[in-house]
Amino acid sequence: MPFAWSSLVVTIVAVLLGFALGWWPLATWAERSMKGERMPRRTVRLAAAITTAAVFGVLALRFGLSWTLPALLAFAACATVLSIVDLAEKRLPNAVIFPALGAVAVLLVPATWATGAWMPLVWALAGSAAMFAVYFVLALISPASMGMGDVKLALVIGLLLGWFGLSAWLVGLLAAFVVGGVIALVALALKRVTLRGSIPFGPSMLAGALIAVVLVGSVA
């Protein structure tokens, strides 16, 4: 019972923290990252706050107060900003991607230390390079549907999923395309996009990564 209560407390704190971060600093970061006409501030704040709170809550419930959690929360926070900007402008800014890469890389070090083995960090680096290579090839094959922002985002996603192992890496890669396909079908059905139109793929990549982490990820 004490464990259940502590897990509940951690989850509630994570939800409140996610809402607060989403409402102000993350929403502001997203607004400042937009180059075109900005979305209504209240819309951005609500979207950022609700999304971050929900994802923080799921991750806290799944991983508890573990060494892995800070890296996951940092990834989720940056994912919120990237998703908002990509949906608004079909663009993934370097000013968000590379800080996300650095934050996740640094926070995975104590998580690796907690496991007592350093191979997860090696796999993280390998996963980052491999995911980048996959998306780079896809961008070369179909530049109209895969941008360089997606390719650079793959560095971050591959780093995180690689740390959790090959299964998480593969699930994350596959889940991104499944989520993207579902979104495309729904958008077509609702006539929000035509067959020749394009849908930002960054949010699908990020959603796929989070699905893989929750389903396959292990607690450190």
Side-chain angles (χ1 to χ4, degrees), residues 2-22 24-26 29 48 51-83 92-132 152-173 175-176 205-220:
F3 175 80
W5 277 110
S6 65
S7 179
L8 179 61
V9 170
V10 170
T11 301
I12 292 174
V13 170
V15 169
L16 295 175
L17 176 63
F19 191 90
L21 288 175
W24 180 58
L26 296 182
W29 194 8
T51 301
T52 310
V55 177
F56 271 32
V58 170
L59 292 173
L61 185 63
R62 172 68 174 81
F63 291 90
L65 196 58
S66 64
W67 288 98
T68 315
L69 188 61
L72 292 172
L73 296 186
F75 176 81
C78 294
T80 296
V81 177
L82 288 167
S83 295
L92 294 164
N94 292 338
V96 183
I97 290 177
F98 291 119
L101 181 63
V104 172
V106 169
L107 291 172
L108 282 178
V109 173
T112 304
W113 170 81
T115 66
W118 290 95
M119 278 307 296
L121 201 57
V122 174
W123 286 117
L125 295 174
S128 181
M131 190 73 78
F132 176 85
K152 286 177 281 190
L153 178 58
L155 286 169
V156 188
I157 293 174
L159 183 74
L160 182 68
L161 297 182
W163 190 87
F164 285 103
L166 181 59
S167 295
W169 192 93
L170 291 172
V171 170
L173 179 62
M205 293 172 64
L206 294 163
L210 290 170
I211 289 172
V213 164
V214 171
L215 295 181
V216 187
S218 57
V219 180

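Note that these values count all heavy atoms, side chains included, but never hydrogens, waters or copies made by symmetry.
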Minimum heavy-atom distance between [X] and [Y], given as atom pair plus value:
{"X": "S167", "Y": "V216", "answer": "CB-CG1, 3.8 Å"}
{"X": "V213", "Y": "F164", "answer": "CG2-CE1, 4.0 Å"}
{"X": "G208", "Y": "A175", "answer": "CA-CB, 3.7 Å"}
{"X": "L161", "Y": "G172", "answer": "CD1-CA, 3.6 Å"}
{"X": "L107", "Y": "P70", "answer": "CD1-O, 3.5 Å"}
{"X": "G22", "Y": "A48", "answer": "O-CB, 3.2 Å"}

Side chain proximity check, [X] to [Y], heavy atoms < 4.5 angstrom:
{"X": "T52", "Y": "F19", "value": "no"}
{"X": "W163", "Y": "T112", "value": "yes"}
{"X": "V156", "Y": "L82", "value": "no"}
{"X": "W118", "Y": "V109", "value": "yes"}
{"X": "L108", "Y": "P120", "value": "no"}
{"X": "L160", "Y": "L72", "value": "yes"}
{"X": "I157", "Y": "F75", "value": "yes"}
{"X": "L155", "Y": "M131", "value": "no"}

Side chains of T80 and T51: do they bring a donor and an acceptor to under 3.5 Å?
->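 Judged by distance alone, the side chains do not pair up.
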
Enclosure of W24 CH2 (heavy-atom neighbours >12, cutoff 6.0 Å) =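 No, the 6.0 Å shell around CH2 holds no more than 12 heavy atoms from other groups.
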
Could you tell me whether W123 atom CH2 has more than 12 heavy atoms of other residues or ligands within 6.0 Å of it?
->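 12 or below, so no.
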
Would you confirm whether the ring centroid of W113 sits within less than 6.0 angstrom of the ring centroid of W67?
->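 Yes: the rings meet the under 6.0 Å criterion.
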
Roughly how far apart are [X] [atom1] and [Y] [atom2], rounded to 0.5 Å?
{"X": "F56", "Y": "L61", "atom1": "CZ", "atom2": "CG", "answer": "15.0 Å"}
{"X": "L8", "Y": "I12", "atom1": "CG", "atom2": "CD1", "answer": "4.0 Å"}
{"X": "W169", "Y": "S128", "atom1": "CH2", "atom2": "OG", "answer": "10.5 Å"}
{"X": "K152", "Y": "N94", "atom1": "NZ", "atom2": "CG", "answer": "3.5 Å"}

Partners of A79 by side chain to side chain contact (heavy atoms under 4.5 Å, CB included), sequence neighbours excluded?
->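 Scan of A79 (side chain to side chain contact (heavy atoms under 4.5 Å, CB included), adjacent residues dropped) gives L206.
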
Using atom types as modelled and distance alone, determine if a side-chain donor or acceptor of R62 lies under 3.5 Å from a backbone N or O of S218.
->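 No, because the side chain of R62 does not come within donor-acceptor range (under 3.5 Å) of the backbone of S218.
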
